[in-house]
Structure formats: C-alpha cells, structure tokens
Participant: 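Sharing a structure here in structure tokens format.
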Amino acid sequence: MTASDIGDQRILLIDGHAMAFRAFFALPADGFSDGRGQATNAVYGFTRMIINVVASEQPTHVAVAFDLPGGTFRDRIYDQYKGGRDETPAEFHGQIDLIMQVLDALGVRWLTVEDYEADDVIATLATRTAAEGGEALIVSSDRDAIQLVGENVTLLQPIKGVTEMRRMTPAAVEEKYGIPPERYPDLAALVGEAADNLPGVPGVGPKTAAKWIVQYGDLPGIIAHAGEIKGKAGQSLRDHLEDVERNRLMNAAVLDLELPTDPEHYTLGRGDGATLNAVFDELAFGPTIRKDVPTRFLAEGEEVPAAPARELPPLQQPTSAELPVLLSEAFAEGAALATEGSWALGQGDLLRIALATQDARAVITLAELDDAAERALAGWLADPAIPKVAHDTKLVGHQARGRALRIAGWRTDLAIAEFLCRPDQRPTDLAGLAMRHLQEDLQVEAAAAQQELDLGSDEADGEQLGRAADAVLRLEDLLRDELEERGATSLHDDLELPLSAVIGELEATGIAVDDAVLAGLDEEHAARQSEVADSAFSHLDGDRINLGSPKQLQEVLYERLELPKGRRTKTGYSTNAETLVDLFEKTQHPFLADLLAHRDVTKMRQIIDTLRRFISPEGRIHTTFHQNIAATGRLSSNNPNLQNIPTRTEEGRRIRSAFHVSEGYGSLMTADYSQIEMRIMAHLSEDAGLIEAFRSGEDLHNFVASRVFDVDPDEVDPAMRSKTKAVSYGLAYGLSAFGLARQLRVSQAEATGLRDGYFERFGGVRDFLRESVEKARATGYTETILGRRRYLPDLTSDNRQRRENAERVALNSPIQGSAADIIKLAMLRVDELLRRKELTSRVLLQVHDELVVDVAAGEDQAVRDVITEGMGSAFELSVPLEVGIGVGANWLEAAH
DNA sequence: GTTCTTACGTA
DNA sequence: CGTACGTAAGAACA
C-alpha cells in the first residue's frame with residue numbers, strides 16, 4: 001500500500017443499528033416477511049440503503065459498525081444514559097443478525113467493539129482516514145456524528161426513511177447551527193439530547209447555545225464566564241453546570257479504538273454472487289433488489305446474482321391499427337387495468353391505460369390513437385360483458401369521464417376488497433397494497449413495490465404501468481380468496497362495487513352552490529367577529545391576544561383572570577366550549593361570553609371559507625366520498641366534507657341555504673331515515689318493548705320514557721324525554737354511567753338509576769348488548785345485518801383501557817354499520833328505480849341517514865315514490881323503516 | 001416543512 | 001370515562 005493509494009481512499013462508514021432501526025420504522029413490518037414469519041423490513045430497508053449509497057457515492061472501502069447489547073463505558077459514567085427508551089419491538093429482533101449475513105455476502109466488513117458504541121468505531125475510522133489524506137463518508141442519524149464533519153469527512157443524515165439523505169459538510173453544519181462542526185458537542189451539551197436521556201440547560205435551545213459559543217469561543221470559555229451571563233438563561237446555566245459538563249463528557253467521540261488498521265481490510269469488492277443469491281432467497285427478496293446490487297461489491301469475475309423472475313408477458317404498445325385486433329383477441333375475456341391520469345373538480349383525464357392478463361400486456365397511450373382505435377377502446381371499456389379489475393375503479397371511472405369514456409363490467413375493486421378484509425387498516429395506494437400482499441414468487445416483489453409501482457415516475461416506456469396492471473391482476477387472485485374466506489364476496493360484488501359506480505356519478509355531478517349567498521353570510525359574520533373580538537379584548541385591558549390559541553387562552557383564563565381551573569387536557573387545562581360554559585355559569589365573567597361568541601362566528605367563517613374555495617367555475621361543489629375509510633362501513637366525505645354542514649344552530653343552518661337546486665331542475669329534496677339506529681337496535685335485540693314502541697307509531701323517546709319512569713305517555717315531561725333519549729343513544733355507544741352523568745349534568749347515582757330503570761323495562765336490549773360483545777370476543781369480530789365484519793383483537797387484551805375501548809366499539813359497530821348497510825342498499829335501489837322509470841332526477845349527496853336529491857320539474861311525486869320505496873324497503877327489519885321527506889329550493893328549505 | 005394537539009362541525 | 005368521521009389553526013418538532 002503506497003501513500004497515493006491511501007490518498008485515493010474513500011471510505012463509507014455506516015451506523016448499523018441506527019440505520020436498521022430507521023428502516024424498521026420506515027417500512028411496514030407486516031409487508032415484509034421471509035414467508036416463515038420472520039419480519040424482514042429492517043433488513044430490506046438497510047440493504048436498499050447500502051446499495052443506493054454505494055451506487056451513488058462510489059466508495060472504495062466500506063465498514064458498518066454495530067452496537068453490542070449490554071452497556072458501554074458511558075453507562076458507568078452516567079447510569080441514566082439512554083434511559084427511558086421504549087423497548088425494542090418484537091419484530092425487530094433477529095433482523096440485525098440477518099443484516100450481518102447480508103453484509104458478509106456483500107463482502108462488507110462489519111465491526112463491534114466491546115464497551116464502545118458504533119459511533120466510536122466510526123469516529124476512529126473517519127479521523128484516521130482523514131488524517132491519512134483519504135476521504136470518509138458517514139451515514140448516521142446520530143447527532144453525535146456532526147462533530148466529525150470536516151474537510152475530508154462528510155456526514156449523510158437520513159431525512160425521511162433510509163433513502164433520502166442530507167449532505168452535511170462543514171459549511172452545511174455552520175449554516176444550520178451557526179457554529180463549526182467541532183463545536184457541535186459544546187452546543188449539544190448545553191441543549192441536551194433527549195434520545196440519550198441527557199437533559200440540557202432548561203430554557204436554552206440551539207439558538208442561545210450557538211450565540212454563547214460564538215461569544216465565548218467554546219464550552220470552557222462559556223463556563224469560565226458563566227457568572228457574567230445575564231437573564232433567565234444565564235441563571236439556568238449556572239444551575240445546571242454539572243449536567244452540561246457531564247453531557248460534554250458523554251458526547252465526546254472516542255478516536256483511538258484499536259481496530260484493524262490496514263485499509264485493505266475494508267476494501268470493497270469481495271462479495272460472492274452465489275452466496276448473495278442464497279441469502280436473498282432465504283429472505284424472500286425479489287429480483288429487483290438483486291438487479292440493483294452494484295458490481296463494485298463483487299469480486300472480480302463474480303456475476304451479479306441472477307433474478308429468478310417470473311416471465312412477464314411481453315409489453316405491447318399497439319398502434320392504432322393494431323389496437324382493435326388486440327382488444328378483440330388478447331383482451332376479449334377482460335383484463336386488469338392500471339391507468340395514468342387525473343381527476344380534479346370534475347375535470348378528469350385519462351392519459352395512458354395498461355391492460356394485463358396472464359398471457360398478454362399492453363400499454364395504450366390515448367393521445368396517439370386515431371378515431372377508429374379510440375372507438376374500439378371505448379367499446380371495449382363500455383362492454384359490461386368484458387370483466388375488468390382495477391385498484392380504484394371509481395377513480396379510473398373519473399379519469400375516463402374526462403375523455404367522454406365510460407366503463408362497465410367492473411369485476412373487482414382492489415381497494416374495496418382490501419377494505420372489506422381489513423376495515424381498520426389505513427388505505428394504501430397500489431404500491432402499498434402490493435407491499436402488503438405480494439411475496440417472492442411475484443414479479444413485483446413486496447419490498448420494491450414502493451419504487452417499482454410509483455406511477456408518478458416519468459419513465460416513458462410504459463413498463464411501470466404495465467407492471468402495475470400485472471400487479472392488479474395478481475392481487476385480485478389473492479384478494480378474491482380472502483373475500484371468500486371472510487364471507488365478504490357478496491358485500492363486494494353486490495353492494496360496494498355497484499355502489500362505487502353510483503357514488504362516482506354523485507361526485508361527478510356535484511351540487512350547485514351559490515357563492516353570493518356564502519359571501520353575504522361571510523360579510524355579516526366578519527362584522528360580528530370584529531365586534532365580539534373588540535369586546536373580548538376590552539375585558540383584557542385591550543390586550544389583543546390570539547383568541548384562537550389554546551395556549552394563550554390558558555394563560556389568560558387561568559393565570560391572569562385567575563378563573564377556577566376545570567378539565568385537563570394532555571398538555572394543560574381545557575379551553576373547550578363545554579369548559580367555558582361551565583366557567584361562565586360559575587363566574588359570569590363577560591370575557592367568556594365574548595370568547596364563546598367569537599369561537600362560534602370564527603367557526604362559521606372558516607366553514608364558509610372552506611366551502612367557497614371548492615366551488616367550481618360552473619358553480620358546483622364536487623366532494624369525494626370514500627368507501628374505505630370508516631371502519632363501520634359508513635361513507636366519509638372530503639374536499640370538502642359535505643357531511644358536516646351545520647344544522648344545529650339557526651346561524652349555522654343558513655349555510656345550507658347556499659346549496660340549491662340545479663339549473664333546469666325543479667327543487668331539492670331531502671329524505672332521511674327516522675331513528676334508524678334505534679330501529680336496528682330493536683331489530684337486533686328483538687326486545688318486545690322496543691319493537692312495540694316502533695310499531696305503535698308513537699314518538700319513540702316519549703314511549704320509552706313512559707315505560708322507564710312508569711307514567712302515562714301524556715305525562716312524560718321534556719326532562720324525562722331528553723334523559724331517556726340520552727340513555728337510548730348512549731347505550732349504542734357503550735356509554736358509562738360516568739359519561740351519562742356528565743352529559744346530562746346529573747349525579748352519577750341518578751345516571752346509574754336511569755340506566756338500570758331502562759334495562760329493567762327493556763331487558764332484551766341489555767341481553768343483546770351483553771351477548772353481542774361476548775360473541776365478538778369469541779369469534780374475534782362483530783357483524784352487521786349484511787355480514788360486514790369488523791375485527792377487534794383488543795377484546796381479549798390484558799390492557800383494560802384497550803379492552804374496554806374495544807368493547808364499546810363492539811357495541812356500536814353492528815348498529816352504526818347496519819345503518820350504513822341499509823342506506824347503501826337504498827342508494828342502489830333508488831338509483832335503479834330512477835333509471836327504470838327514466839327519471840332525470842338524481843341523487844346528489846349522502847349524509848349517513850339522509851339523501852339529497854335534485855328533483856326535475858314535474859317529477860316530484862315520482863321521486864317521492866322512488867325514495868319511499870327505495871329507502872323504505874331497502875331492508876326488512878322487524879320494525880318499519882320510516883322516511884321523512886322535505887322539498888324546497890335549497891337545502892335549508894328542504895328540511896322538514 | 002412536517003407532525004401533533006386542540007377544538008368543533010356532522011350522523 | 002360515548003361511536004364514526006374531516007378540517008383548520010396553533011404549537012411543537014426537525
């Protein structure tokens with residue numbers, strides 16, 4: 001080894017534990033497994049990281065340092081070092097060993113040193129290399145590594161996950177912290193390091209610390225002048241000098257460990273292709289990551305491991321002339337689809353579409369098609385006899401609408417199928433779904449899916465889109481089996497999938513909204529807002545605090561005005577409306593009334609403003625309804641949410657007057673189910689009293705109250721009625737006596753009495769509630785009237801909080817979920833009836849138990865009939881389903 | 001710049 | 001210490 005060799009050295013130094021841990025949290029543990037139950041997400045992420053860094057940084061030498069279990073010399077100095085950390089998750093166990101196996105196969109040296117941390121190993125090697133004129137690159141998320149940065153030492157800090165890195169050079173450190181790298185440990189000693197359980201000086205952050213360092217040169221300088229530093233921070237420093245000195249001792253890197261000194265030891269290029277292949281096989285890593293292993297890892301003559309890839313059908317890019325034939329031959333029996341396109345505010349577009357079957361793949365670029373080819377494609381898409389599959393069929397439908405194409409024949413919607421199987425999981429895109437499901441025999445390996453299926457990539461050859469369609473095809477198989485296993489096939493085929501087409505129409509139609517009405521309301525509220533704000537400030541000596549800041553309010557209410565402290569939140573004392581009303585009743589402080597008024601008017605303006613931003617040029621709002629968010633099976637609405645437009649207060653309701661009938665239509669109609677959840681309760685519990693209540697036609701809460709309080713129905717007073725009502729609904733939510741008491745503002749004893757009285761008269765309800773939780777505990781899931789399941793593993797948890805929470809969910813889910821089932825059935829029937837009767841009226845919105853309909857002129861009675869039948873007969877319960885109908889020019893007037 | 005917390009609108 | 005959601009603002013973190 002000659003001097004010039006050393007000078008050419010470019011060594012990559014990786015903090016193994018820290019990066020493995022990051023990878024573990026960046027990737028889903030349940031999306032990566034070796035097929036035998038061993039999680040491999042950290043192994044995959046780490047391997048991906050080292051491959052990427054070696055490819056981009058082209059180092060000549062590499063070393064990975066790991067911490068050893070058990071303590072280090074630092075623990076002897078300070079026994080709280082790194083205390084308070086959460087326990088390592090079970091799925092992480094064993095993955096470090098697997099990473100070491102991968103490194104061995106790659107021919108990368110890894111090291112551990114008893115009694116020292118990985119950081120110390122890295123520090124020793126980095127400084128030694130730099131001293132010899134070489135260059136070091138450190139990959140570490142530990143801030144202690146910042147001190148090592150220098151002219152020939154660069155730190156790569158992971159920003160997000162394990163693939164995005166920030167380059168820290170001396171200049172970058174200086175810019176970020178305002179001090180040179182070698183002073184960073186001084187700063188860290190002052191500020192502290194929460195991750196290592198090293199408290200710093202309270203009240204001193206990076207800014208103050210940097211200022212002192214600039215002023216006094218370094219930490220010893222600061223300590224020497226500690227006496228002369230003014231203010232709170234100075235006193236705080238003097239009070240915590242011991243901590244600071246300890247921190248500085250702890251965060252100093254060790255530079256003189258005894259490690260192999262021969263640079264040759266760390267040279268890259270000793271990897272063995274066959275071993276690597278075997279290790280990757282064991283880990284069930286797919287072909288993509290093997291393909292990406294840079295050759296510089298491997299010994300001379302070694303091959304990059306071959307990918308055991310499944311042969312994908314070749315990707316065709318048919319010309320206009322070829323397309324009709326292709327569609328009628330290769331795709332005559334249907335295909336899986338993946339698309340590239342957009343949909344925003346009713347303005348969608350479909351740019352490319354990939355089709356896949358077992359035997360063929362094609363990517364079609366719509367802009368390149370001539371008229372005849374586009375007609376052929378349109379015919380194929382619209383043919384209900386040709387089955388199609390996509391990840392998100394509604395979205396594809398929207399994109400197609402943008403080109404005046406319509407699609408029929410959907411067979412499977414992967415997102416819906418996945419949701420029915422795992423209603424409590426967050427929805428993921430196609431790549432995420434693939435990660436969750438695809439295993440090693442698939443072309444698109446789970447682990448690489450994130451990158452492979454990135455449809456936003458501008459790779460122009462269509463290969464990615466073709467792969468995505470292939471993934472859709474293969475995922476359908478998996479999900480179809482799973483639907484069957486979970487008894488959800490019919491829910492998918494007969495309810496959710498047809499419903500998604502109906503919802504697609506609602507979204508595309510949108511609802512007409514008059515901006516002028518909203519603008520007028522906003523103006524009124526703006527005037528009122530400044531009035532109440534001024535009035536509020538007048539009670540604070542004119543101090544214009546931010547009334548929207550809970551923190552500032554706490555300060556004002558509980559310190560300055562010294563009002564009695566009420567309910568607590570996680571971080572302090574609550575300032576919510578309930579608390580403020582309580583406080584006002586106790587103190588009559590006028591500031592509280594003004595604050596509450598300000599809250600109300602601010603909220604209204606915020607709602608109005610949000611709505612206005614979503615009005616399209618055509619004067620309509622197109623919300624998006626989601627079928628795979630609410631675990632109970634309800635729809636949810638966003639951008640904007642039209643399921644939470646105010647209705648409880650007069651002022652709020654006025655917003656509804658802006659939602660009006662469409663041009664060319666006669667009126668807006670609202671139709672809602674009356675007390676659907678209680679009717680479901682009656683049906684499911686088979687409680688004779690409750691069933692009688694609904695069959696009698698009397699007011700429900702009045703009837704129930706007369707039984708609970710044992711008086712004649714005409715003797716029930718409003719207080720009795722409202723208490724009973726609260727109990728009825730509370731039961732469906734798993735309400736405790738404590739919660740009931742709080743809500744009704746009565747004693748807990750009275751609340752308990754109420755509930756007991758209720759159960760005495762309606763024993764069937766009590767039995768039903770108890771039995772449904774026990775059944776769910778035994779089977780592991782709850783079920784709605786249509787067999788929609790919700791899995792609740794926490795019902796058998798040892799943790800009381802979790803278990804009781806799951807019990808409440810178990811009480812509520814069948815009720816809320818069955819109501820969702822029923823209105824979904826109703827939407828399908830209403831849609832079907834409107835079509836069959838050839839009416840132009842159309843459903844615009846669904847708000848859980850309500851539909852809003854654009855009624856065409858002259859169709860009023862016909863639509864009433866359709867709604868009454870479609871909603872009223874959606875599902876046969878043991879009690880009637882009652883539907884209330886209202887009609888008017890706008891949503892407010894259509895209330896009833 | 002992103003994520004968490006608080007608050008509040010609906011069924 | 002009542003279920004199910006979505007949005008916005010401020011605070012906190014990086």
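Note on naming: letters A, B, ... go to the chains in the order of the sequence lines (proteins, then strands), and numbering restarts at 1 for each one. Remember, predicted model here, so these are calculated numbers, not experimental data.
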Participant: Which atoms form the tightest heavy-atom contact between A:Ala188 and A:Asn251, and what is the distance?
Facilitator: CB-ND2, 3.7 Å

Participant: If you measure from the P atom in B:dT5 to the same atom in C:dC1, how many Å do you get, rounded?
Facilitator: 15 Å

Participant: Determine the contact category for A:Arg567: base if any of its heavy atoms lies under 4.0 Å from a base atom, sugar-phosphate if only primed atoms, P, OP1 or OP2 are that close, otherwise nothing.
Facilitator: nothing

Participant: Check this one for me: any side-chain N or O of A:Arg648 less than 4.0 Å away from OP1 or OP2 of B:dG9?
Facilitator: no

Participant: Assign A:Gly730 to base, sugar-phosphate, or nothing according to its heavy-atom contacts below 4.0 angstrom with the strands shown.
Facilitator: base

Participant: Between A:Arg656 and A:Glu893, is there a side-chain N and carboxylate O pair less than 4.0 Å apart?
Facilitator: no

Participant: Is the closest basic N to carboxylate O distance between A:Asp543 and A:Arg560 below 4.0 Å?
Facilitator: yes

Participant: Can you give me the closest heavy-atom contact between A:Ser818 and A:Ile785, atom names plus distance?
Facilitator: OG-N, 3.1 Å

Participant: For A:Thr602, check side chain to side chain contact (heavy atoms under 4.5 Å, CB included) against everything at least two apart and list the hits.
Facilitator: A:Gln529, A:His598

Participant: Please classify the nucleic acid contact of A:Asp672 as base, sugar-phosphate, or nothing, using heavy-atom distances under 4.0 Å.
Facilitator: nothing

Participant: Under 4.0 Å, counting only non-hydrogen atoms across every strand here, what does A:Arg808 touch: a base, just sugar-phosphate, or nothing?
Facilitator: sugar-phosphate

Participant: Which is true for A:Ser813 with a 4.0 Å heavy-atom rule: it touches a base, it touches only sugar-phosphate, or it touches nothing?
Facilitator: nothing

Participant: What is the separation between atom CD on A:Glu578 and atom P on B:dG9, rounded to the nearest whole Å?
Facilitator: 13 Å

Participant: Decide yes or no on salt bridge (charged side-chain N to carboxylate O under 4.0 Å, His left out) for A:Arg790 and A:Glu783, but give the supporting numbers first.
Facilitator: CA-CA 7 Å; A:Arg790 184 164 182 192; A:Glu783 235 174 340; over 6 Å; no

Participant: Which part of the nucleic acid, if any, lies within reach of A:Ile629 when heavy atoms closer than 4.0 Å are counted: base, sugar-phosphate only, or nothing?
Facilitator: sugar-phosphate

Participant: Is A:Lys570 touching bases, backbone alone, or none of the nucleic acid, heavy atoms closer than 4.0 Å?
Facilitator: sugar-phosphate

Participant: Any side-chain N or O of A:Thr647 under 4.0 Å from OP1/OP2 of B:dG9?
Facilitator: no

Participant: Looking at every non-hydrogen atom in both residues, tell me the closest pair between A:Ser140 and A:Asp119 and how far apart they are.
Facilitator: OG-OD1, 4.3 Å

Participant: Look at the aromatic rings of A:Tyr184 and A:Tyr177 and report parallel, tilted or perpendicular, splitting at 30° and 60°.
Facilitator: perpendicular

Participant: Between A:Arg745 and A:Glu578, does at least one N-O distance fall below 4.0 Å, as a salt bridge requires?
Facilitator: no

Participant: Counting the atoms with a prime plus P, OP1 and OP2 as sugar-phosphate, which does A:Ala732 contact under 4.0 Å by heavy atoms, base, sugar-phosphate, or nothing?
Facilitator: nothing

Participant: If you look at every strand shown and take non-hydrogen atoms under 4.0 Å, does A:Glu677 touch a base, only sugar-phosphate, or nothing?
Facilitator: nothing

Participant: What is the 5' to 3' range of DNA chain C, first to last nucleotide, that sits under 4.0 Å from any heavy atom of chain A?
Facilitator: C:dC1 to C:dA12

Participant: By the 4.0 Å heavy-atom rule, please label A:Leu731 as base, sugar-phosphate, or nothing.
Facilitator: nothing

Participant: Within the 4.0 Å heavy-atom criterion, would you say A:Ala820 contacts the bases, only the backbone, or no part of the nucleic acid?
Facilitator: nothing

Participant: Under a 3.5 Å cutoff on both atom distances, Watson-Crick or G-U, what's the dot-bracket for DNA chain C ([ ] crossing, | other strand)?
Facilitator: ..|||||||||||.

Participant: With heavy atoms under 4.0 Å as the rule, sort A:Gln606 into base, sugar-phosphate or nothing.
Facilitator: sugar-phosphate

Participant: Please work out whether the ring planes of A:Phe762 and A:Tyr758 are parallel, tilted or perpendicular, with thresholds of 30° and 60°.
Facilitator: tilted

